[in-house]
Amino acid sequence: MKKTAELGMYLAFALILGYIEALIPVPVPIPGVKLGLTNLAVILLLYLYGAKEALLINIMRIVLSAFLFTNLSMLLYALAGGLLSLLCMTVAKKSGHFSIRFVSLIGGTTHNIGQILVAYAVVRTYGIFYYIPFLLLSGAVTGWLIGMIETWTEPRIKSFLQRTNI
Amino acid sequence: MKKNYDKLFLAVLAVIIAALFGWQRLSGKDGAYAVVTQYGEKIGTYSLYKTLDITIETKDGHSNTLSIENGQVRMAQADCPDGLCIKQGHISKNGQSIICLPHELTVEIISGEASMIDAVSE
């Protein structure tokens, strides 16, 4: 019961982050470039609970935010990016070879690769791959920053959960 | 404690990104034609050295207007929700492209060499 409530909080947190993200204008006019704030919730889940919980909340978050903030045609992009990035982050974390910041950086870059692959399936012209270096760079920078924030947030959440001990 | 590959990964990624940017810069000579593609099908190939406005309609009645002038193409008008295609600005070099994802539309610049015969026959 306690875990269900906690996971619900993460889902709400992820949705709020998605809403904030939608409010912030992106200075680069390239489809797919964004802050990736919601990845903070996903990566916290991955480290504090596990891959299964992160996957569950991530899918719920993607479907709900498609209904709330964007439209259904964007659902495919979000799913491709979100699932590929979570898969790669899980593998990177399990391997034990990467710090949290780099697991998050890997998540950011692979998220953008997933999206560009869907975009290619939609428009079917190679011209779209022109944006790959921009998307790799932006995914790496934002991913690293989110990973940085994760390392500040995780110990606070842990100690909060211990102190409250409901 | 397993070996940490952070730095190795960062180095490989940096090299890949730098190589891709460098390759784009080096191959980025002035192009000759704009290829317009929508729904995966080529709509047309237009010379960059003729002043021309092209309006492309989507299946559901929306539209984009391309403007070709002085060897450059830009998306002059679009009623897509994000308007990113307009903000992508002018393009003129080989390989550059403008993408309007909501309307499944791309504009790509190609070199003249492959299509010299067309250019002569015009």
Side-chain angles (χ1 to χ4, degrees), chain A residues 22 25-34 69-74 76-77 88 92-110 112-113 115-116 118-141 143-144 147, chain B residues 1-25 27-28 31 34-43 60 74-75 80-89 91 93-110:
Chain A
V26 182
V28 192
I30 295 172
V33 171
K34 54 179 189 165
F69 311 125
T70 58
N71 51 56
L72 288 182
S73 67
M74 286 308 184
L76 202 56
Y77 291 99
C88 294
K93 176 179 174 270
K94 281 245 170 75
S95 80
H97 289 302
F98 298 100
S99 69
I100 291 178
R101 273 171 284 183
F102 275 78
V103 169
S104 178
L105 182 150
I106 289 167
T109 49
T110 51
N112 287 353
I113 290 172
Q115 292 207 315
I116 207 162
V118 173
Y120 176 72
V122 170
V123 298
R124 293 183 296 274
T125 43
Y126 291 112
I128 198 144
F129 293 120
Y130 179 77
Y131 290 105
I132 279 188
F134 298 93
L135 288 169
L136 282 178
L137 185 64
S138 84
V141 173
W144 192 84
Chain B
M1 205 45 200
K2 281 190 182 172
K3 206 171 177 318
N4 185 285
Y5 289 157
D6 284 2
K7 288 201 175 109
L8 180 71
F9 185 84
L10 187 64
V12 172
L13 187 69
V15 168
I16 291 173
I17 293 173
L20 287 171
F21 273 123
W23 179 66
Q24 284 186 352
R25 188 52 66 87
S27 65
V35 181
V36 182
T37 310
Q38 190 170 40
Y39 305 121
E41 279 165 36
K42 200 193 274 188
I43 290 179
D60 49 1
R74 69 188 169 92
M75 192 68 78
C80 52
D82 54 15
L84 289 181
C85 50
I86 298 173
K87 290 185 204 141
Q88 282 163 28
I91 57 167
K93 311 273 188 217
N94 286 337
Q96 285 186 324
S97 65
I98 297 175
I99 297 160
C100 183
L101 270 187
H103 292 174
E104 299 185 28
L105 179 75
T106 63
V107 183
E108 197 184 350
I109 303 287
I110 57 165

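Residue numbers begin at 1 in each chain, while the letters A, B, ... track the order of the sequences.
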To the nearest 0.5 Å, tell me how far B:Thr106 OG1 sits from B:Tyr39 OH. 12.5 Å
Check: B:Leu105 and B:Ile99 side chains under 4.5 Å, non-hydrogen atoms: no
If I measure from the heavy atoms of chain A, does B:Glu104 come under 4.5 Å with its side chain, its backbone, both, or neither? both
Go through the atoms of B:Gln38 and report whether side chain, backbone, both or neither lie under 4.5 Å from a heavy atom of chain A. neither
Check whether any side-chain heavy atom of A:Ile106 lies under 4.5 Å from a side-chain heavy atom of A:Ser104, and answer yes or no. no
If we define contacts as heavy-atom pairs under 4.5 Å, which of B:Leu8, B:Val35, B:Leu10 has the most with chain A? B:Leu10
Report yes if the distance between the aromatic ring centroids of A:Phe134 and B:Phe21 is under 6.0 Å, otherwise no. yes
Assert top hit (heavy-atom pairs under 4.5 Å, partner chain A, pool B:Ala14, B:Gly40, B:Ala18) equals B:Gly40
I'd like to verify something: which residue of A:Val103, A:Thr125, A:Val26, A:Val28 has the highest number of heavy-atom pairs under 4.5 Å with chain B? A:Thr125
With side chains defined as the heavy atoms from C-beta onward, is the minimum distance between B:Leu101 and A:Ile128 less than 4.5 Å? yes
Given a strict heavy-atom distance threshold of 4.5 Å, which part of A:Thr109 is in contact with chain B: side chain, backbone, both, or neither? side chain
Side chain, backbone, both or neither: which part of A:Ser99 has an atom under 4.5 Å from a heavy atom of chain B? both
B:His103, B:Lys87, B:Glu108, B:Gln88: which one forms the most heavy-atom pairs within less than 4.5 Å of chain A? B:Gln88
Please state whether the side chain, the backbone, both or neither of B:Ile98 comes within less than 4.5 Å of a heavy atom of chain A. backbone
Looking at A:Arg101, A:His97, A:Met74, which makes the most heavy-atom pairs under 4.5 Å with chain B? A:His97
So B:Thr37 and A:Val123, do their side chains get closer than 4.5 Å, heavy atoms only? no
Measuring heavy-atom distances to chain B, does A:Leu105 have an atom under 4.5 Å in its side chain, in its backbone, in both, or in neither? side chain
Checking A:Tyr77 side chain against A:Ile116 main chain: does a donor-acceptor pair fall under 3.5 Å? no
How about A:Tyr130 and B:Gln24: do any of their side-chain heavy atoms sit closer than 4.5 Å? yes
